[in-house]
Amino acid sequence: MKKIALIILVCTLSLFCLLTAVEINAFNTKYYINSYNKYNITETTGKSIQELHNITENLLDYLNGKSEEEVLELDFNEREILHMKDVKILFKNGFTLKYIFLIISFTIIMYFIINKERKILGNFIYKGLFINWIALGLLGIMILFDFNKYFTYFHYIFFTNDLWLLDPNTDLLIQMLPEEFFSSMAINIGLSFLSFVAIIQIIGYVITRKGRGKDEKDI
């Protein structure tokens with residue numbers, strides 16, 4: 001049972017790190033503005049940086065549950081707003097799952113600490129989380145060769161309609177957020193994710209070293 005608990009811990013810690021990385025990068029307004037400059041979005045949309053900044057703030061406030069869809073109606077059409085409703089639900093579910101994974105992880109960690117099994121806990125965290133480096137490396141290679149293919153798969157998996165298929169000639173949302181925007185964000189999410197994982201692995205390693213006491217139990 002302990003091994004099963006530790007496997008669950010590795011999974012929940014990994015998913016918590018991933019969802020945290022997604023949240024931090026998806027709601028980073030500075031990244032959006034930098035992307036607008038990098039990809040000449042002002043020329044594509046015919047809007048100034050300040051206008052794009054205001055639209056972005058409204059969009060992120062909506063997705064973060066801080067405002068209702070009325071803030072989108074001035075700039076986006078019905079299809080875009082409907083798609084944003086789906087995205088908002090996706091984020092809301094992600095926020096909920098993130099805290100569930102955190103609670104599960106904390107509960108398992110406390111169990112091993114209370115039972116004086118810190119060495120086992122730290123060792124499993126340190127070694128078990130290496131699976132993320134392998135998985136992300138393989139995923140990164142696949143995305144590197146054909147990001148559009150796997151980004152399309154992502155939409156098929158997480159959305160039950162085709163509202164995400166927007167027209168770059170008429171729809172502001174896709175004009176603001178072209179494919180290059182998402183490919184760069186995917187890289188940022190991956191780097192953030194691995195940074196969080198590395199920090200937890202270091203903590204796990206430290207726990208392993210400090211857990212080498214006479215009172216430690218075997219698994």
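These values consider heavy atoms only, across backbone and side chains, with no hydrogens, waters or symmetry-generated copies.
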*asked:* Restricting to ring-ring contact (aromatic ring centres under 6.0 Å, His included), what partner residues turn up for Phe196, sequence neighbours left out?
replied: none
*Give a yes or no answer on whether the side chain of Ser192 reaches the backbone of Ala21 with a donor-acceptor pair at less than 3.5 Å.*
no
_I'd like to know if Ile113 and Phe124 are part of one continuous hydrophobic network [Ile/Leu/Val/Met/Phe/Trp/Tyr, side-chain heavy atoms within less than 4.5 Å]._
yes
_Can you tell me how the ring of Trp133 sits relative to the ring of Phe130, calling it parallel under 30°, perpendicular over 60° and tilted otherwise?_
tilted
*When hydrophobic residues are tied together by side-chain contacts of less than 4.5 Å, even through go-betweens, does Met142 share a cluster with Ile157?*
yes
_To the closest 0.5 Å, what do you measure between CG (Asp75) and CG (Asn54)?_
9.0 Å
*What distance separates Leu9 CG from Lys3 NZ, expressed to the nearest 0.5 Å?*
15.5 Å
*Among the clusters formed by ILVMFWY side chains lying less than 4.5 Å apart, do Leu97 and Ile89 turn up in the same one?*
no
*Work out which heavy atom in Leu166 is nearest to a heavy atom in Ile174; give both atom names and the distance.*
O-CD1, 3.9 Å
_Working note: Asp61 + Val71, criterion side-chain contact (heavy atoms from CB on, under 4.5 Å); need CA distance, chi angles, decisive distance, verdict._
CA-CA 9 Å; Asp61 282 347; Val71 301; 5.9 Å; no
*Can you tell me which residue pairs pass the ring pair (Phe, Tyr, Trp, His ring centres under 6.0 Å) test with a partner in residues 54-91, sequence neighbours excluded?*
Phe27-Phe91, His83-Phe159
*Considering residues, nucleotides and ligands other than Tyr99, do more than 12 of their heavy atoms fall under 6.0 Å from its OH?*
no
*asked:* Working to the nearest 0.5 angstrom, can you tell me the gap between Asn93 CG and Leu19 CG?
replied: 10.5 Å
*Which pair of non-hydrogen atoms, one from Ser105 and one from Thr12, has the smallest distance, and what is that distance?*
OG-OG1, 2.8 Å
*What is the distance from atom CD1 of Ile125 to atom CG of Leu121, rounded to the nearest 0.5 Å?*
4.0 Å
*In terms of hydrophobic clusters joined by side-chain contacts under 4.5 Å, are Ile24 and Leu136 together?*
no
_Please check: side-chain N/O of Glu80 versus main-chain N/O of Leu173, any donor-acceptor pairing under 3.5 Å?_
yes
*Does one side chain, of Ser67 or Asn58, offer a donor that lies under 3.5 Å from an acceptor on the other?*
no
*asked:* For a 4.5 angstrom cut-off between non-hydrogen side-chain atoms, does Thr107 reach Tyr111?
replied: no
_Counterpart residues, ring-ring contact (aromatic ring centres under 6.0 Å, His included), relative to Tyr150 (two or more places apart)_ = Tyr153
*What closest approach, in Å, do Met185 and Ala26 show between heavy atoms, and which atom pair accounts for it?*
CE-CA, 3.9 Å
_Pairs meeting criterion salt bridge (Lys or Arg N to Asp or Glu O under 4.0 Å) with involvement of residues 153-181, two or more places apart_ = Arg79-Asp162
*Hey, could you give me the CG/OG1 distance between Leu102 and Thr20, rounded to the nearest 0.5 Å?*
8.0 Å
*Do Lys85 and Glu69 come close enough that some side-chain heavy atom pair is under 4.5 Å?*
yes
_Short side-chain to backbone donor-acceptor contact, Asn115 and Glu117, under 3.5 Å_ = no
*Is any side-chain heavy atom of Met176 less than 4.5 Å from a side-chain heavy atom of Leu52?*
yes
*What pairs meet the ring pair (Phe, Tyr, Trp, His ring centres under 6.0 Å) rule with one or both residues in residues 29-58, with sequence neighbours excluded?*
Tyr31-Phe181, Tyr32-Phe181
_If you define the side chain from C-beta out and look only at heavy atoms, does anything of Gln175 sit under 4.5 Å from Thr170?_
no
*Aromatic ring centroids of Trp164 and Phe154 under 6.0 Å?*
no
*Taking the side chain as C-beta and beyond, is there a heavy-atom pair between Gln201 and Tyr205 under 4.5 Å?*
no
*Would you mind reporting whether Leu6 and Phe112 have side-chain heavy atoms less than 4.5 Å apart?*
yes
*CD1 on Ile207 to CD1 on Ile202, rounded to 0.5 Å*: 12.0 Å
_Run Ser14 and Leu129 through side-chain contact (heavy atoms from CB on, under 4.5 Å) and show every step you take._
CA-CA 7 Å; Ser14 299; Leu129 288 177; 3.4 Å; yes
*asked:* Is there a continuous path of hydrophobic side-chain contacts, each under 4.5 Å between heavy atoms, that joins Phe145 to Phe151?
replied: no
*For Leu191, what are the other residues in its hydrophobic cluster, where any two members join if their side-chain heavy atoms are less than 4.5 angstrom apart?*
Ile187
*Using a 4.5 Å cut-off on heavy atoms from C-beta on, say whether the side chain of Ile200 contacts that of Tyr126.*
no
*Kindly say whether Lys149 contributes a backbone atom to a donor-acceptor pair with the side chain of Asp146 at under 3.5 angstrom?*
yes
*Around Glu70, counting heavy atoms of other residues, nucleotides and ligands shown, do more than 12 lie under 6.0 Å from its CD?*
yes
*Might you work through the side-chain contact (heavy atoms from CB on, under 4.5 Å) test for Ile41 and Lys47, ending with a clear yes or no?*
CA-CA 8 Å; Ile41 302 302; Lys47 295 184 180 296; over 6 Å; no
*asked:* Please give me the minimum heavy-atom distance between Phe182 and Leu177, naming the atom from each residue.
replied: CE1-O, 3.3 Å
